[in-house]
Undergrad: 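Quick one: the structure is below, questions incoming.
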Amino acid sequence: MEKQPRLLASQLLLKNSLFEVSLNRVLLTWKEIATKKKRVSGGIHHPFKVGTSHGVSVSEILAVRELDVDSETKDDGRWQKMPQKSTEAYPYAFTVSYVERAWQHRWRCSDVTFHCLEGALCQQWVQTIREQLTALTSRPKHLLVYINPYGGKQQGERIYEQKVAPLFTLASISTHVIVTEHANHARDHLRTEAELKKYDGVVCVGGDGMFSEMVHGLVSRTQRDNGVDQNSPEEKLVPCTLRIGIIPAGSTDCICYATVGINDPVTSALHIIVGDAQPMDVCSVHHNNTFLRYSVSLLGYGFYGDVLADSERKRWMGPARYDFSGFKTFLTHHYYEGTVSFLPATDILGTPRDKTRCRAGSRCFICQHNGQLYSEDAPEICETDTDVSDSEYKGGWRVIRGKFLAINAASMSCACPRSPKGLSPAAHLADGTTDLILVRKCSRFNFLRHLLRHTSKYDQFDMNFVEVHRVRRFRFTPRYCQSDSELDLRENGKRLFSQICRDHPACSCSPAYSSWNCDGEILPHAAIEVGVHCQLIKLFARGIEEQPVFEDLPNPCVV
Ligand SMILES: Nc1ncnc2c1ncn2[C@@H]1O[C@H](COP(=O)(O)OP(=O)(O)OP(=O)(O)O)[C@@H](O)[C@H]1O
Ligand SMILES: CCCCCCCCCCCCC/C=C/[C@@H](O)[C@H](CO)NC(=O)CCCCC
Ligand SMILES: [Ca+2]
């Protein structure tokens, strides 16, 4: 690495030991200097250096402040602790707060306090570090925050006030906080009212549902401002400029987990403060040339649709509703007939069966390479025939007809605490593709094996009833057409056993339709068309960091 010129270097006191402290444009380092004499061979004594050198990247310094040393030792006139001899001699001090890496991708705020001999030197350190922080233009200064008080275990407000707001204050970030009063409050405020020019980013405190509100609000606003019609499935959408931060306080927190590596409010707040940026793909979902919704994580028909439909009626159970409904849905073992057509992403790097993972986001080589391809050459949309055999190619599209227990499209890994590797472990956050996973009708036992593999090291795709394709677009048509009256029944929440059972009155077979689970929301139609929009939004995150780099080392990193 190119050697950076030093901005400051001084001998300062830290915990009663003398340190050589140095600052350049990228690093703050400190190394202990021993004052004792050491006997070496030949009877000569000379000072020696002890300890290792510690370093913190300037980009991960959160704040610096001057300390009032006197007030540290006194409280209401009563002495709290006796000042050490050495700190008496160094009466001025400043504290640097920085990011410390803890276990399993967690970040924490750590402090180091340096004592100085002279006030002028102390001020020079504080001022120089502040200048370095001000030069970091990617850091947000003003944020618009939406809190869902009812997400997850209903702890959103407490989490924000106790864990996040103090960190934003420390980093001199000003906030405008809105506690939502109803579902879609945040979405509608963002889409129509919010004065977005005043902010450097928007933050949601809640789960995947709240994040989805932010995406819908911001993406719709951006398209409207740029005169883009969301109802046209072929329209190229305009990327959003404001970044979105997620303070996890939901039931699944899949987006946060898959972009940061953990669902931890303090870690997410620190990623926002340091101004991280992670681009992300967004899928648009249409029915008959009408826009339905956007999706960033899972579009699931069959198993995950049925789990969601059942769990929505059990919101009162909190996050446990998914376990209850998951078990119940597994026992019902319904399959659904239909045709899946998709446009394979043939020109890209990477496959859904890769052993490599999307790591440290914007620096992920696959996302960079495929993102570049996408912006140069948006693929053409070709029409397919409807009369097709079980699997065939039509104008670049592949068509597969069958009976499916689950049809899942994962635009990112969908890693979450329930499944730390996710639905599609090798999926990329920002490569312009989604992984289409088709789970055909099989025995309950085999389906259980497939599900359990999401929680173990074994490959969930290595089973003869499962196939996975990396695609740019796809369509699904259920075998039987949905009439308007059937749609009305669905909307009334009634279970629909339609034509398929009327055709076979003696059987107790599957209902004709499942529902699409679109990032945790039920879609009103089974027949949908989906297209991936590469890197349409940006998050305050950096993707999952490779673990061994920091976690084998003490913190701050030893240089
Ligand atoms: N004030 C509110 N009252 C009722 N519902 C709200 C309110 N604010 C937001 N919502 C809705 O609550 C739903 C669930 O919220 P959220 O995503 O925060 O938690 P969750 O569903 O528990 O978590 P996850 O989505 O991670 O499973 C969202 O779809 C959102 O639209
Ligand atoms: C019998 C043992 C089975 C064990 C199987 C574990 C498999 C877990 C895979 C989890 C995949 C989560 C995908 C994320 C989807 C989110 O967009 C959505 C909104 O939060 N969550 C759900 O729909 C909630 C979906 C919850 C499903 C359980
Ligand atoms: Ca993707």
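Keep in mind that what you see is a predicted model, and the values were worked out from it rather than measured. Read the numbers this way: they start at 1 and go in the same order the structure lists the ligands and their atoms.
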Undergrad: Geometry only, no angles: is R315 polar-contacting ligand 1 at N/O separations under 3.5 Å?
TA: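 It does: an N or O of R315 is found under 3.5 Å from an N or O of ligand 1.
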
Undergrad: Check contact between R321 and ligand 1, using heavy atoms of the residue and a distance below 4.0 angstrom.
TA: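 Yes, that is the case, since the closest heavy atom of the residue is under 4.0 Å from the ligand.
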
Undergrad: R470 pairs by side-chain contact (heavy atoms from CB on, under 4.5 Å) with which of T346, D435, N370?
TA: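 Exactly one pass, corresponding to D435.
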
Undergrad: How close does the nearest protein non-hydrogen atom get to atom 2 (C) of ligand 2, and which residue and atom is it?
TA: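 Answer, as residue, atom name and distance: L452 CD2, 3.9 Å.
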
Undergrad: Would you say Y304 has any N or O atom under 3.5 Å from an N or O of ligand 2, going by distance alone?
TA: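 Min N/O separation from ligand 2 is not below 3.5 Å for Y304.
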
Undergrad: Decide, yes or no, whether a salt bridge links R108 with D264 under the criterion of side-chain N to carboxylate O below 4.0 Å.
TA: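 Looking at D264 together with R108, the answer is yes, because their closest N to O distance falls below 4.0 Å.
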
Undergrad: Just heavy atoms, cut-off under 4.0 Å: does E521 contact ligand 1 by side chain, backbone, both, or neither?
TA: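 Side chain only.
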
Undergrad: Please identify which of these residues, S325, S514, S311, meets the side-chain hydrogen bond (donor to acceptor under 3.5 Å, both in side chains) condition with D306.
TA: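 Between D306 and the candidates, side-chain hydrogen bond (donor to acceptor under 3.5 Å, both in side chains) is satisfied uniquely by S514.
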
Undergrad: Using a 4.0 Å cutoff against the non-hydrogen atoms of D253, which atoms of ligand 1 qualify?
TA: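 Counting atoms of ligand 1 from 1, those under 4.0 Å from D253 are 26 (O).
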
Undergrad: Based purely on interatomic distance, does G207 place a nitrogen or oxygen under 3.5 Å from a nitrogen or oxygen of ligand 1?
TA: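 By distance alone, the answer is yes.
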
Undergrad: Answer yes when D459 and R453 have at least one side-chain N-carboxylate O distance shorter than 4.0 Å, and no when they do not.
TA: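 So D459 does not pair with R453 through a salt bridge.
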
Undergrad: Can you tell me if an N/O/S atom from T434 lies under 3.0 Å from the Ca ion (ligand 3)?
TA: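 No, since none of the N, O or S atoms of T434 sits under 3.0 Å from the Ca ion (ligand 3).
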
Undergrad: Distance to 0.1 Å, residue and atom name: give those for the protein heavy atom nearest to atom 3 (C) of ligand 2.
TA: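 Result: L451 CB, 3.9 Å.
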
Undergrad: Which protein non-hydrogen atom lies closest to atom 5 (N) of ligand 1, naming both residue and atom, and how far is it?
TA: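 Answer for atom 5 (N) of ligand 1: A183 N, 3.7 Å.
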
Undergrad: Just to verify, which of F404, F303, Y335 counts as forming a ring-ring contact (aromatic ring centres under 6.0 Å, His included) with F447?
TA: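 Only one of F404, F303, Y335 forms a ring-ring contact (aromatic ring centres under 6.0 Å, His included) with F447, namely F303.
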
Undergrad: Run the salt-bridge test on E337 and R401 with the 4.0 Å N-O cut-off and return the result as yes or no.
TA: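 So E337 does not pair with R401 through a salt bridge.
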
Undergrad: Judged on heavy-atom distance to atom 17 (O) of ligand 2, which of P420, S297, S413 sits nearest?
TA: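 Among P420, S297, S413, the closest heavy atom to atom 17 (O) of ligand 2 comes from S297.
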
Undergrad: Could you check whether atom OH of Y150 has more than 12 heavy atoms from other residues, nucleotides or ligands sitting under 6.0 Å from it?
TA: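 No, the 6.0 Å shell around OH holds no more than 12 heavy atoms from other groups.
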
Undergrad: Kindly indicate whether a cation-pi arrangement holds for R321 with W316, taking the cut-offs as under 6.0 Å to the six-membered ring centre and within 45° of the axis.
TA: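 No, a cation-pi geometry is absent between R321 and W316.
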
Undergrad: Verify whether one side chain among D354 and T351 offers a donor that lies under 3.5 Å from an acceptor in the other.
TA: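 Yes, a side-chain donor-acceptor pair sits under 3.5 Å.
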
Undergrad: Just say parallel, tilted or perpendicular for the rings of H271 and W107, cut-offs at 30° and 60°.
TA: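 Plane angle under 30°, so parallel.
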
Undergrad: Out of all atoms in ligand 1, which are within 4.0 Å of some heavy atom of Y150? Include the element for each.
TA: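 Heavy-atom distances to Y150 below 4.0 Å select 1 (N), 2 (C), 3 (N), 4 (C).
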
Undergrad: Give me the residue, atom name and distance of the protein heavy atom closest to atom 12 (C) of ligand 2.
TA: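 Here the closest protein heavy atom is C416 SG, 4.0 Å.
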
Undergrad: Output yes if S411 passes the N/O/S-under-3.0 Å test against the Ca ion (ligand 3); output no otherwise.
TA: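 Yes, since at least one N, O or S atom of S411 sits under 3.0 Å from the Ca ion (ligand 3).
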
Undergrad: Using the side-chain hydrogen bond (donor to acceptor under 3.5 Å, both in side chains) rule, pick out the option among D519, D208, T434 that qualifies with S297.
TA: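 Answer to the side-chain hydrogen bond (donor to acceptor under 3.5 Å, both in side chains) test with S297 among D519, D208, T434: D519.
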
Undergrad: Is there a polar contact, in the sense of an N or O pair closer than 3.5 Å, between P149 and ligand 1?
TA: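 No, there is no polar N/O contact under 3.5 Å.
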
Undergrad: Heavy-atom contacts under 4.0 Å between Y322 and ligand 1: side chain, backbone, both, or neither?
TA: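 Answer for Y322: side chain.
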
Undergrad: Check K314 with D323, please: is the shortest side-chain N to carboxylate O separation under 4.0 Å?
TA: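 Answer for the salt bridge query: no.
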
Undergrad: Against heavy atoms of D208, which atoms of ligand 1 measure under 4.0 Å?
TA: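 Listed by number with element: 17 (O), 24 (P), 25 (O), 26 (O).
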
Undergrad: State whether R243 and D200 are salt-bridged, where the test is any N-O pair (Lys NZ or Arg NE/NH1/NH2 against Asp/Glu carboxylate O) under 4.0 Å.
TA: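 No, R243 and D200 are not salt-bridged.
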
Undergrad: Show me which atoms of ligand 1 lie under 4.0 Å from any heavy atom of T180.
TA: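 The atoms of ligand 1 under 4.0 Å from a heavy atom of T180 are 1 (N), 2 (C), 7 (C), 8 (N), 9 (C).
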
Undergrad: Would you check if I544 and H105 make a side-chain contact, meaning some heavy-atom pair closer than 4.5 Å?
TA: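 The answer is yes, as the side chains (C-beta and beyond) meet within the 4.5 Å cut-off.
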
Undergrad: Does an N or O from M210, backbone or side chain, lie closer than 3.5 Å to an N or O of ligand 1?
TA: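 M210 vs ligand 1: N/O contact under 3.5 Å present.
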
Undergrad: Need the ligand 2 atom indices (1-based, order shown) with element for anything under 4.0 Å from a heavy-atom of L448.
TA: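 Near L448, meaning under 4.0 Å from one of its heavy atoms, ligand 2 has 1 (C).
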
Undergrad: So which N/O/S atom does D431 have closest to the Ca ion (ligand 3)?
TA: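 Looking at D431, the N, O or S atom with the least distance to the Ca ion (ligand 3) is OD1.
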
Undergrad: Starting from atom 21 (N) of ligand 2, find the nearest protein heavy-atom neighbour and note its residue, name and distance.
TA: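 Protein heavy atom at minimum distance: T252 OG1, 3.6 Å.
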
Undergrad: Only N/O/S atoms count here: what is the atom of D281 closest to the Ca ion (ligand 3) called?
TA: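 Going through the N, O and S atoms of D281 one by one, OD2 ends up nearest to the Ca ion (ligand 3).
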
Undergrad: Using a strict threshold of under 4.0 Å (side-chain N to carboxylate O), is an ion pair present between E545 and R359?
TA: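 A salt bridge is absent here (no side-chain N lies under 4.0 Å from a carboxylate O).
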
Undergrad: Side chains of T433 and H428: donor-acceptor distance under 3.5 Å anywhere?
TA: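 Note: T433 and H428 side chains miss the donor-acceptor criterion.
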
Undergrad: What residue and heavy atom of the protein are closest to atom 28 (C) of ligand 2, and at what distance?
TA: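 Here the nearest protein heavy atom works out to R418 CD, 4.0 Å.
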
Undergrad: Among the heavy atoms of H185, does any lie under 4.0 Å from an atom of ligand 1?
TA: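 Outside the 4.0 Å threshold, so no.
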
Undergrad: The Ca ion (ligand 3) and H428: any N/O/S contact shorter than 3.0 Å?
TA: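 It does; at least one qualifying atom falls short of 3.0 Å.
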
Undergrad: Check the side chains of T290 and N231 for a donor-acceptor pair under 3.5 angstrom, ignoring hydrogens and angles.
TA: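 No - no donor-acceptor pair under 3.5 Å links their side chains.
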
Undergrad: Quick one: look up the protein heavy atom nearest atom 23 (O) of ligand 2 and list residue, atom name and how far away it is.
TA: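 Looking at atom 23 (O) of ligand 2, the protein heavy atom closest to it is N517 ND2, 2.8 Å.
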
Undergrad: Do any heavy atoms of G152 fall under 4.0 Å from ligand 1?
TA: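 The answer is yes, since G152 has a heavy atom less than 4.0 Å from ligand 1.
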
Undergrad: Can you find a side-chain donor-acceptor pair between S220 and Q230 that sits under 3.5 Å?
TA: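 The criterion, which ignores hydrogens and geometry beyond distance, is satisfied for Q230 and S220.
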
Undergrad: Between ligand 2 and D253, can you find any atom pair, the residue atom being a heavy atom, that is separated by under 4.0 Å?
TA: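 Flag not set, D253 not near ligand 2.
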
Undergrad: Under 3.5 Å between any N/O of Y322 and any N/O of ligand 2: does that happen in this structure?
TA: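 There is no such contact.
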
Undergrad: Students should be able to answer this: which protein heavy-atom is nearest to atom 11 (C) of ligand 2, and at what distance?
TA: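 Result: L423 CG, 3.8 Å.
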
Undergrad: Considering only protein heavy atoms, which is closest to atom 6 (C) of ligand 2, and at what distance to one decimal place?
TA: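 Looking at atom 6 (C) of ligand 2, the protein heavy atom closest to it is T455 CG2, 4.2 Å.
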
Undergrad: Looking at atom 31 (O) of ligand 1, what's its closest protein heavy atom, distance included?
TA: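 Scanning the protein heavy atoms, the shortest distance from atom 31 (O) of ligand 1 goes to E213 OE2, 2.3 Å.
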
Undergrad: Decide whether an N or O pair under 3.5 Å exists between D208 and ligand 2.
TA: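 Right, the criterion is met.
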
Undergrad: Please list the nearest protein heavy atom to atom 12 (O) of ligand 1 with its residue and the distance rounded to 0.1 Å.
TA: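 Minimum-distance protein heavy atom for atom 12 (O) of ligand 1 reads N148 ND2, 3.3 Å.
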
Undergrad: Does G206 reach ligand 1 with a nitrogen or oxygen that is under 3.5 Å from one of the ligand's nitrogen or oxygen atoms?
TA: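 No, there is no polar N/O contact under 3.5 Å.
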
Undergrad: Any N/O/S of D435 under 3.0 Å from the Ca ion (ligand 3)?
TA: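 No, outside the cut-off.
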
Undergrad: Could you work out, for atom 20 (P) of ligand 1, the closest of S297, C256, S251 by heavy-atom distance?
TA: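 The residue whose heavy atom sits nearest atom 20 (P) of ligand 1 is S251.
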
